[in-house]
J.: 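Right, I'll just put the structure down here and ask away after.
Keep in mind it's a predicted model, so treat the numbers as computed, not measured. We count ligands from 1, going down the list as the structure has it; atoms in each ligand are counted the same way.
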Amino acid sequence: MQHGRLITIEGIDGSGKSSVAQCLVKCLEERGHTVLLTKEPGGTELGGTLRTILHTQKDRVGDVAEFLLFAADRAQHFEQIIIPALAKGAIVISDRMADSSLAYQGYGRGLDREMIKKINAWAMQYQIPDRVLYLRLDPASAHERVRARHQTLTSFEREGVDFWQRVSSGYEEIFAARQNVITLDASLPLASVCTQACDAVLKCI
Ligand code: TYD
């Protein structure tokens, strides 16, 4: 039986997921909760290796193979990290999860979305996040933020504006039909997004 809570943070690159995740952890820990912060890809050793492959492979990884690598990461992540943490009653916060595959590989790359949903559910041992925090930001502002970081761009960040637009519209479509999603305006100052994120999570624990 599941005792903990599973919270995921989603949004396009540059929407501030990692910063919001960190301040959310701080806010919950200050209130005495046991929190585990993790991410996809890269929450496990296998995930770290897959992340390196996805970011550094010279031959472009094909679309289906790309999705299956994310799915393999997800399966390992659930088995090794998420299921045990939920069983111990922790609040698990994951920077990206299944909806990233649906938005990036489903809408961005155009893969079969029903197949993605099926494999995601299997990889996640049929767990559903208690809350999804969606950081909504328009693709142009997100693109600008990512470029201003002056870091090496990942293969996804190097994609053209059409790809970013498809991913962004994909997120909107996916979340319009869901009950467990809290949409936050990611163009607001970080402190304000954090307060809203923390309030939303406190209501579901
Ligand atoms: P990462 O460097 O971890 O970026 P971020 O901190 O923004 O999450 O790279 C993750 C990239 O992988 C990001 O551009 C989104 C993409 N991604 C997918 O395309 N599908 C997925 O299922 C996941 C989890 C991530």
J.: Go through ligand 1 atom by atom and flag the ones less than 4.0 Å from a non-hydrogen atom of D13.
T.: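 This gives 7 (O), 13 (C), 14 (O) as the contact atoms.
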J.: Taking both backbone and side-chain atoms of T154, is any N or O found less than 3.5 Å from an N or O belonging to ligand 1?
T.: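 No.
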J.: Give me the nearest non-hydrogen protein atom to atom 11 (C) of ligand 1 as residue plus atom name, then the distance to 0.1 Å.
T.: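 For atom 11 (C) of ligand 1, the nearest protein heavy atom is F156 CD1, 3.8 Å.
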J.: To the nearest 0.5 Å, tell me how far Q125 CD sits from I82 CD1.
T.: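 Reported value, rounded in 0.5 Å steps: 10.0 Å.
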J.: Check this for me, if you would: do R109 and E159 make a salt bridge, where the nitrogen-to-carboxylate-oxygen distance has to be below 4.0 angstrom?
T.: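 So R109 pairs with E159 through a salt bridge.
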J.: Which residue holds the protein heavy atom closest to atom 9 (O) of ligand 1, what is that atom called, and what is the gap in Å?
T.: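 Ranking protein heavy atoms by distance from atom 9 (O) of ligand 1, first comes H55 NE2, 3.4 Å.
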J.: Give a yes or no on whether E79 atom CD has more than 12 heavy-atom contacts from other residues, nucleotides or ligands under 6.0 Å away.
T.: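 Open.
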J.: For atom 21 (C) of ligand 1, tell me which residue out of F67, W164, F70 has the closest non-hydrogen atom.
T.: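 Checking each option, the heavy atom nearest atom 21 (C) of ligand 1 is found in F70.
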J.: Assess R113 against Y107: is NZ or CZ under 6.0 Å from the centre of the six-membered ring, and within 45 degrees of the ring's axis?
T.: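 Geometry flag: set, cation within 6.0 Å and 45°.
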J.: Give yes or no for whether the N/O distance cutoff of 3.5 Å, strictly under, is met between S101 and ligand 1.
T.: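 So ligand 1 has an N or O lying under 3.5 Å from an N or O of S101.
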J.: Can you list the atoms of ligand 1 that are under 4.0 Å from a heavy atom of K39?
T.: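 The atoms of ligand 1 under 4.0 Å from a heavy atom of K39 are 3 (O), 6 (O).
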J.: Report the distance from atom OG1 of T38 to atom CG of L6, rounding to the nearest 0.5 Å.
T.: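 T38 OG1 to L6 CG: 10.0 Å, rounded to 0.5 Å.
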J.: Just let me know how E157 lines up against ligand 1, side chain, backbone, both or neither, with a heavy-atom cut-off below 4.0 Å.
T.: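 No part of E157 is near ligand 1 at this cut-off.
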J.: Enumerate the atoms of ligand 1 whose separation from the nearest heavy atom of K17 is less than 4.0 angstrom.
T.: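 Once the distances to K17 are compared, the set is 7 (O).
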J.: Write out the residue and atom name of the closest protein heavy atom to atom 19 (O) of ligand 1, then the distance separating them to 0.1 Å.
T.: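 It is Q105 NE2, 2.9 Å.
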J.: For ligand 1, is there an N or O atom under 3.5 Å from any N or O atom of R51?
T.: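 Yes; at least one N/O pair falls below 3.5 Å.
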J.: Would you mind checking if K26 and E30 are paired as a salt bridge, meaning a charged N to carboxylate O distance below 4.0 Å?
T.: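 Counted as a salt bridge, because a side-chain N and a carboxylate O are separated by less than 4.0 Å.
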J.: Indicate yes or no for a side-chain donor-acceptor contact from S101 to the backbone of M97 under 3.5 Å, with no hydrogens or angles considered.
T.: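 Such a contact is absent between S101 side chain and M97 backbone.
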J.: Using a strict cut-off of 4.0 Å, indicate which atoms of ligand 1 neighbour a heavy atom of S100.
T.: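 That gives atoms 20 (N), 21 (C), 22 (O), 23 (C), 24 (C) of ligand 1.
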J.: Is the closest heavy-atom distance from R74 to ligand 1 below 4.0 Å?
T.: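 Distance cut 4.0 Å: R74 passes for ligand 1.
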J.: Can you tell me if D73 uses its side chain to pair, donor with acceptor, with the backbone of R51 under 3.5 Å?
T.: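 No, D73 side chain to R51 backbone: no donor-acceptor pair under 3.5 Å.
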J.: Between E40 and R74 (salt bridge meaning N to carboxylate O under 4.0 Å), is one present in this structure?
T.: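 So E40 pairs with R74 through a salt bridge.
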J.: Taking distance alone, with N or O pairs closer than 3.5 Å, would you say E40 contacts ligand 1?
T.: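 For ligand 1, there is no N or O atom that lies under 3.5 Å from one belonging to E40.
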